[in-house]
Student: 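Got a structure for you, questions after.
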Amino acid sequence: MKFVMAIIKPFKLDEVRNSLSALGVQGLTVTEVKGYGRQKGQSEIYRGAEYAVHFVPKLKLEIAIDSAQETQVVEAIREAAGTGQIGDGKVFVMDLQQAMRIRTGETGAEAL
Amino acid sequence: MKFVMAIIKPFKLDEVRNSLSALGVQGLTVTEVKGYGRQKGQSEIYRGAEYAVHFVPKLKLEIAIDSAQETQVVEAIREAAGTGQIGDGKVFVMDLQQAMRIRTGETGAEAL
Amino acid sequence: MKFVMAIIKPFKLDEVRNSLSALGVQGLTVTEVKGYGRQKGQSEIYRGAEYAVHFVPKLKLEIAIDSAQETQVVEAIREAAGTGQIGDGKVFVMDLQQAMRIRTGETGAEAL
Amino acid sequence: MKYSLNKSASVVALATSLTLISGTSFAQDATLASVAKETSYVFNTLLFLIGGFLVMFMAAGFAMLEAGLVRSKNVSMQCLKNISLYSIAGIMYYWIGYNLMYTGVDGGVMGSFSLFGYGFDEVGKGSTGSYSTASDWFFQMAFVAATASIVSGTVAERLKIWPFLIFTVFLTGIIYPISGSWHWGAGFLKEAGFNDFAGSTIVHSVGGWAALVGAIILGARKGKYVDGRVVPMLASNIPLATLGTFILWLGWFGFNGASQLAMGTIGDVSDISRIFANTNLAAAGGVVATLVLMQIMYGKLDVTMALNGALAGLVSITAEPLTPGPLAAILIGSAGGVIVVFAVPLLDKLKIDDVVGAIPVHLFAGIWGTIAVVFTNSGATLSAQLYGIACYGVFTVVFSAIVWLALKYTIGIRVSEEEEALGLDRSEIGVEAYPEFTFGRG
Amino acid sequence: MKYSLNKSASVVALATSLTLISGTSFAQDATLASVAKETSYVFNTLLFLIGGFLVMFMAAGFAMLEAGLVRSKNVSMQCLKNISLYSIAGIMYYWIGYNLMYTGVDGGVMGSFSLFGYGFDEVGKGSTGSYSTASDWFFQMAFVAATASIVSGTVAERLKIWPFLIFTVFLTGIIYPISGSWHWGAGFLKEAGFNDFAGSTIVHSVGGWAALVGAIILGARKGKYVDGRVVPMLASNIPLATLGTFILWLGWFGFNGASQLAMGTIGDVSDISRIFANTNLAAAGGVVATLVLMQIMYGKLDVTMALNGALAGLVSITAEPLTPGPLAAILIGSAGGVIVVFAVPLLDKLKIDDVVGAIPVHLFAGIWGTIAVVFTNSGATLSAQLYGIACYGVFTVVFSAIVWLALKYTIGIRVSEEEEALGLDRSEIGVEAYPEFTFGRG
Amino acid sequence: MKYSLNKSASVVALATSLTLISGTSFAQDATLASVAKETSYVFNTLLFLIGGFLVMFMAAGFAMLEAGLVRSKNVSMQCLKNISLYSIAGIMYYWIGYNLMYTGVDGGVMGSFSLFGYGFDEVGKGSTGSYSTASDWFFQMAFVAATASIVSGTVAERLKIWPFLIFTVFLTGIIYPISGSWHWGAGFLKEAGFNDFAGSTIVHSVGGWAALVGAIILGARKGKYVDGRVVPMLASNIPLATLGTFILWLGWFGFNGASQLAMGTIGDVSDISRIFANTNLAAAGGVVATLVLMQIMYGKLDVTMALNGALAGLVSITAEPLTPGPLAAILIGSAGGVIVVFAVPLLDKLKIDDVVGAIPVHLFAGIWGTIAVVFTNSGATLSAQLYGIACYGVFTVVFSAIVWLALKYTIGIRVSEEEEALGLDRSEIGVEAYPEFTFGRG
Ligand SMILES: Nc1ncnc2c1ncn2[C@@H]1O[C@H](COP(=O)(O)OP(=O)(O)O)[C@@H](O)[C@H]1O
Ligand SMILES: Nc1ncnc2c1ncn2[C@@H]1O[C@H](COP(=O)(O)OP(=O)(O)O)[C@@H](O)[C@H]1O
Ligand SMILES: Nc1ncnc2c1ncn2[C@@H]1O[C@H](COP(=O)(O)OP(=O)(O)O)[C@@H](O)[C@H]1O
């Protein structure tokens, strides 16, 4: 199995979720994060003092999938999350050795 | 070493933490997340408009352990976090190549 | 490629970010977490009742890097995040199989 | 009034009686009369001052209500809009508004236009009337601001700051004063027999109409209505909205009570007391009505609807808080609550995006309250009420449409889609309301 | 009172004197007397109106205090309960309460029962008494609501909404009015020489008793007491609780001050001034006492205790805010603060789960304040005070136990464990208070 | 005053006239005079009571403003400091302050020193003066607290709680009362012709000077100024800060209006009305000035600056809210807004870390307002104003420097670096303000 991690722009969440469920992905986990990268936050002024915003709000999606789905899933995320603008985010894929559904104790692909 | 990631119901945190320390697990890291899965959020009404809640509050636990402990740990989580209800969550296991304690620079299992 | 995960004390964020960019790290993702470990939270009193704080606020940094950079990066984090005090945190390293930049579709090291 | 008559009557009685026995009647009369006059002058002025600071505080109520009902990324903007509009209202109403509304209307359609033409009584000397000029100005000024606050809530989360402030200039300096003159300035609607004691129409409907026009011209928030579905955009801070509602409720005692305009006699102060009690009961009726109705219709209560219900009850009783008995007050207010429960989803069906529910509360309940006058006030006629409602509606809709459209086609009124998604706090004013509570969110 | 006597005395003096020289004495007397009477009527009524809106605003204070002290998942519920109870209190007190409390008690145990029997003075005419009927009703009504607010705080985070509202109906429509009639309605406790100037017992203890009984019947929140340990459930919003406390402090000037019931003479208005000063000093004493004691006992300050200390100081002085000197007022209030510091943990030991500390603040400090009357008011006797405290305690405990139990065994009063864990905002009303600040939490 | 003369004049007229025809003149005179005197006594006292509760509520305003402008990890501390300082101020001002300020100053530099020496009028009897002693005390007490609130905002986020409370004891018990006596206590500055109607200097500058000295001795927050750059530390809760500002604005009507000190005549109540209107217009001017200036200078608005602008406008008009015409009031207030926009960054350049902007608002605008008196009040001279400003500045700087330094070198005033990083809520009082909103943050 694979563990896919995607960093996306927050307002893209619903689109990504929809296209993933279209692929039959049954579940995923979302975390609010702040991202540092090429996309710099606009520089702000607060009470007359200018300051640079280094971190930009992002959402991190974590999706455990069957290895077979890897390319489809990565591709689906790219399409749904892409705006062509800097700061669209990344997709990372790691190897997932084991998965278990707590409720049933099922393991492997059935657990996803 | 192994990197265990568990998605659980928020109110189960203390039980899980206790049974893990019982196994000698020295540390873990908790993140608030929102989960999408078979368990759907109840549909709510706000100012007369109905809407579906897709995401359910969950906690994500990350635990770096010695490979030897894997089965115990996974089992302990399953027991402590399980309610038999849909939405109990998942346990994912990945391979952990390296670990280091920042304070001392110790690496490997000593760092955990 | 490698996926480096560091748990650090919150007020160390800027120092770590600076020394990483000094190494040419182009991006990273930060998550607010709560940590359980050797460092226990001080015990507090609320309305006359004492209670132990089990979890301590931490930040989790996730950095995808080229394998070549691993030692430098880990070392840089250790130096920047270390205070010598208990609770400084950990660095974990996992194998990263694939990375993609959503905006461009670039994969591998170019995506980082 | 009756009572002051009685009083002067007795003074006269005294005068005459004394005349019979001495040449001192004048001094005598003068003394008693002056004591009585001075006392009632102080009471009347004090009424305006107390009423004025209570209504002024409503600006805080609107600010909190709106800040609580918008999403966190637009909260700073809502705070800024509210403190700015209150400030602009005060300056505009001094600059031209008060004169337009109150000087030399005599049955016409507007008062005299003169910049800074309005002056207060000289230091140490009061007015020759029965209250201080400045106290009246202060009280009336606080009403203008309320009108503008109503607008800011409806058009929240997508309207740029400067166009809003410019609209506020026109609303508080021209639209409200001119239309206000028709009734309170003793203009043609006064002569037509229109009745609006404290402003269900003059203040609340006018604000509501301006808000409605703004909402239509501006369009709904992005993502609010997607393929026929209404996507709720949740209030970010319920206790803040609750606080705002309570503050408005408090301020309403000044709003309605001090609209009696005199407190120097047993009759006046007792009428003010009736108004206080009725105002409170109407709001209570509005709340209870929404509770019951929400339970019946949806099987669940909704705190934001209960808050709107309280305000709708208050708006409903505002056109006539004096003549209803307690039970009538409860019923009039309850009807306001019912209006809210039905009107909020209705507006969504029409894709009119009213962020805080100001249109049901201020416009619809305001119309209802103005009509309801005829049930308890024998002096009011349905025709005159409808005529008045229509005049205010047409004028405000036309005039504010002109201003909104002029702004739209010149400097533009709406932020870009990205800015809207990012939130007005960061795109327009660069200060997030809760930078630490919304870690990781735009 | 003394002063009004003096005044009418002098009026009489004048009358007589004039009688000697003319037939105009009647007119003369009537005139002067009427000016004086009218003036004091306006002052008295104004006192009720100002006091009334200040006490009304306490509803916002309770709402903010409770919303700030509960966990975020129960905040919307607390807001909804507070605005609903205030509304219900007003309607019930009009519907049956006021009559039960004030009409035809004459030394008995309750007034007359009549639906909607209570009417205000006719429009334009005041009452024949020394103040407007409606102003008195408005002021008294605001007190009832306070009693219900006390209960809502203690039983927060686990009580269903409808049973609470039904309990409120009984508390505000029957329990409070009947017991209130015993003293303020000139019932048997008045005759027994019981003294409670502004309601340490009549308002605060009654609310506290009802809360205590509710807390016991309802049981503690799940997870509050685990194997002998007290698990703190932290306040979600400290500034909100602080705001609530300040608002209550403000409202208390109306609560105690306007309980003088008259402002038309030098004596009355000066007494009101004493009351204002004493009320403020007692609250200050309560705060300082908790600060010092917390530092000594725990080596750390606790803002929630300081807030409770302020309120306990206010409750303590409420039974007799007039007769104490400033120093006595500080001491009486400080004792209230001391009570809080010891009583809060004590209740936890007894596993009585009082979410906001309302029982120490309103019940215990209320009893203390009622007893403390004897130190400064020579007219009060310890026996009469204890007798009164006991009567109110027994009646309220029995009556509210009946209502709570009746509700428990019919529609049920407590939410399910899951619902409690999920939070009442989502389980009972479906609107989270801070949907964006508590990402990922129930 | 003019008016009360007129009145007594007419009373005398009556007396004489009646003397001609009967022996009843005394009774007659006494009666009319007593009615008139009693009425104005009640009005004057009522003014102090209303003004007093409005100014008292400013304590809540400061608490919310500061709680909103600090970072969330220091919010509980700010709440605790504010409710504590208000309590201490009341007790200290009763204990020694009032006497130091108002009794037996006669042209000197301080009043009499006597513990608990201050007593209120006996129960039932008023004072022999023209208002109740306790009402005056209550009103004056509320001013003292404002002075201390100013300090707490500037030195937030790094000052320990106990040193702050001890400083408050000195500020409210000694520094403010002594310096206050120079002008309001009829001390030497009164004789020197210094004019400060409601306290731009006596209250606001004094608080501002004490804050400035504190900020310098304490040093900036860690990380605020790094290698020449100013690192913004964002306000944690903008609506709370906005609410605080509105509450202060409301309270200011009592602050300035009741400083007229009398309401019993047409002249006095009309002057109070002028003051209300001017106070509101000055605040409005302050807001609008900051809006325009921020847009011009930074191309972006900043809500926190607009809030400071409102307060600066209020402080600016406080030294003379009566004599300016409306336009002058707007301009005086606007200048206050301008001061804020320039002074806030200036202080940062000087590395003086004023967390809430209290120094620009209260000190700088306070000085400006005191000077501006000469533009509209012919009785004031620039020399006398500057002399007064200097006296207050020197005294407050020296005296508070002594206290701050004494505290610094004894118990210490600043928390450790770690504690500062962790936040004062957890390090000093162990209660987080928003434990659930800042998951994972210190
Ligand atoms: N090397 C990295 N490791 C972890 N996260 C990264 C890395 N590089 C970028 N990110 C995440 O991806 C987000 C977008 O990256 P950025 O460089 O801003 O734009 P783009 O993805 O278009 O190149 C960043 O905000 C950060 O959260
Ligand atoms: N494929 C997946 N990848 C990542 N997280 C998942 C995945 N499937 C489920 N989850 C997480 O586990 C939680 C519980 O899963 P769910 O399907 O709702 O119930 P159950 O675990 O009983 O099947 C989800 O809310 C989500 O956070
Ligand atoms: N085995 C582990 N798995 C995951 N996270 C851990 C583990 N051990 C510690 N941590 C994280 O590292 C943080 C610091 O660890 P701690 O034991 O408190 O101090 P130190 O790192 O100095 O030994 C913890 O708060 C926790 O977030």
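In what follows, chains are A, B, ... by sequence order, proteins preceding strands, each numbered from 1. Both backbone and side-chain heavy atoms feed into the values below; hydrogens, waters and symmetry mates do not.
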Student: Tabulate, in ascending numerical order, the residues of residues 62-74 of chain B having at least one heavy atom closer than 4.5 Å to a heavy atom of chain A, or enter 'none'.
Tutor: B/E70, B/V74

Student: Verify side chain to side chain contact (heavy atoms under 4.5 Å, CB included) between B/I77 and B/L61, making sure each step is shown before the conclusion.
Tutor: CA-CA 10 Å; B/I77 294 172; B/L61 277 53; 6.0 Å; no

Student: With a strict 4.5 Å heavy-atom criterion, list every residue of residues 80-89 of chain B that contacts chain A, or say none.
Tutor: B/A81, B/G82, B/G84, B/Q85, B/I86, B/G87, B/D88, B/G89

Student: So B/F55 and B/Y36, would you call those rings parallel, tilted or perpendicular, with 30° and 60° as cut-offs?
Tutor: tilted

Student: Do any of residues 14-29 of chain B come closer than 4.5 Å to chain A, heavy atom to heavy atom, and if so which ones, in number order?
Tutor: none

Student: Taking only heavy atoms into account, what residues of residues 93-112 of chain B are found under 4.5 Å from chain A?
Tutor: B/V93, B/M94, B/D95

Student: To the nearest 0.5 Å, what is the distance between OG1 (A/T31) and CD (B/E32)?
Tutor: 10.0 Å

Student: For A/K58 and A/Q39, run side-chain hydrogen bond (donor to acceptor under 3.5 Å, both in side chains): C-alpha distance rounded to whole Å, both residues' side-chain angles, the deciding distance at 0.1 Å, then the answer.
Tutor: CA-CA 11 Å; A/K58 302 282 174 187; A/Q39 178 201 12; 2.9 Å; yes

